[in-house]
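For reference, the structure is listed below as structure tokens.
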Amino acid sequence: MKITDVPFSTIDWSEISVTQHPGIEGSAYWRTFEMGNIRVRMVEYTPGYIADHWCNRGHVLLVLEGELYTELSDGREFKLKPGVSYQVADDANPHRSYTKTGAKLFIVD
């Protein structure tokens, strides 16, 4: 990842408006900051959330709270707890996530 056109800046996440993104079950609530070629998000999944699509976009994702399950299109599945992260390149491994308990995430893509 090469970050371009992003000067030093800070983000007070409490001042970023929330957008809702329904899943097959539950919802994802995003606070999103975009500048230059990056998108940075604080995301909260409600208990029972299941993503409604396979994602091909590259991410660096860190679980802050809760438990997150991420499955890859090849059938592999990963359980992530607070303090655990993953990274994946664009178009490398289609993936989707779900949570039984809810989760709070920090994502850069």
Side-chain angles (χ1 to χ4, degrees):
M1 173 187 303
K2 180 174 179 148
I3 299 173
T4 59
D5 299 320
V6 182
F8 180 87
S9 54
T10 62
I11 304 166
D12 180 346
W13 290 101
S14 67
E15 294 181 4
I16 305 292
S17 62
V18 176
T19 58
Q20 181 180 9
H21 303 266
I24 293 171
E25 303 270 337
S27 290
Y29 293 93
W30 297 10
R31 294 178 189 269
T32 305
F33 171 83
E34 291 188 81
M35 184 180 285
N37 65 333
I38 65 165
R39 176 175 70 171
V40 182
R41 295 178 286 157
M42 289 287 259
V43 176
E44 293 189 48
Y45 291 155
T46 60
Y49 173 79
I50 302 171
D52 67 349
H53 66 284
W54 289 97
C55 182
N56 287 308
R57 189 167 180 165
H59 312 283
V60 175
L61 177 149
L62 171 65
V63 177
L64 301 172
E65 298 174 8
E67 275 183 354
L68 180 71
Y69 293 85
T70 297
E71 60 180 326
L72 305 184
S73 61
D74 66 10
R76 290 182 288 160
E77 187 170 287
F78 302 88
K79 179 179 177 180
L80 293 87
K81 294 184 175 189
V84 177
S85 65
Y86 76 71
Q87 48 284 325
V88 63
D90 290 338
D91 302 314
N93 298 103
H95 50 281
R96 64 181 174 189
S97 295
Y98 67 93
T99 179
K100 298 172 186 174
T101 61
K104 186 173 184 179
L105 316 168
F106 182 78
I107 306 169
V108 179
D109 50 28

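How far NZ of Lys104 is from CD of Glu65: 5.0 Å, rounded to the nearest 0.5 Å. The distance from the CE atom of Met42 to the CG atom of Leu62 is 9.5 Å, given to the nearest 0.5 Å. Note that the OG1 atom of Thr4 and the CG atom of Asn37 stand 3.5 Å from one another [nearest 0.5 Å].
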Donor-acceptor pairs under 3.5 Å, side chain of residues 53-60 to any protein atom, not counting sequence neighbours: which ones?
residue	atom	partner	partner atom	Å
His59	ND1	Asp109	OD2	2.8
His59	NE2	Arg57	O	3.3
His59	NE2	His95	NE2	3.2

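Cluster annotation: Ile38 and Ile11 are assigned to the same hydrophobic cluster (Ile/Leu/Val/Met/Phe/Trp/Tyr, side-chain heavy-atom contacts under 4.5 Å, transitive). Residues Leu61 and Val84 are members of one and the same hydrophobic cluster, defined by side-chain heavy-atom contacts under 4.5 angstrom among Ile, Leu, Val, Met, Phe, Trp and Tyr.
Residues forming a ring pair (Phe, Tyr, Trp, His ring centres under 6.0 Å) with Tyr69 (at least two apart in sequence, or on another chain): Tyr98. In terms of the salt bridge (charged side-chain N to carboxylate O under 4.0 Å, His left out) criterion, residue partners of Glu71 (sequence neighbours excluded) are, by chain and number, Arg96. Evaluation of the side chain to side chain donor-acceptor pair (under 3.5 Å) rule for Ser9 yields no partner, not counting sequence neighbours. Annotation: salt bridge (charged side-chain N to carboxylate O under 4.0 Å, His left out) contacts of Asp5 (sequence neighbours excluded): none.
With contacts defined as side-chain heavy-atom distances shorter than 4.5 Å, the pair Arg31/Val43 does not qualify.
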*Criterion side-chain contact (heavy atoms from CB on, under 4.5 Å) on Tyr45 and Leu105, from CA distance to verdict*: CA-CA 8 Å; Tyr45 291 155; Leu105 316 168; 3.5 Å; yes
Are Ser27 and Thr46 close enough, and set up right, to give a side chain to side chain donor-acceptor pair (under 3.5 Å), and what steps lead you there? CA-CA 6 Å; Ser27 290; Thr46 60; 5.3 Å; no
- Message: Could you go through Tyr29 and Tyr49, starting from their C-alpha distance and side-chain angles, then the distance that decides it, and tell me whether this counts as side-chain contact (heavy atoms from CB on, under 4.5 Å)?
- Response: CA-CA 11 Å; Tyr29 293 93; Tyr49 173 79; over 6 Å; no
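Residue pairs satisfying the side-chain hydrogen bond (donor to acceptor under 3.5 Å, both in side chains) criterion with at least one member in residues 79-88, sequence neighbours excluded, are listed as follows: Glu67-Lys79.
Taking the ring centre of Trp30 as origin, the terminal cationic atom of Arg41 falls inside the region bounded by 6.0 Å and 45° from the ring axis.
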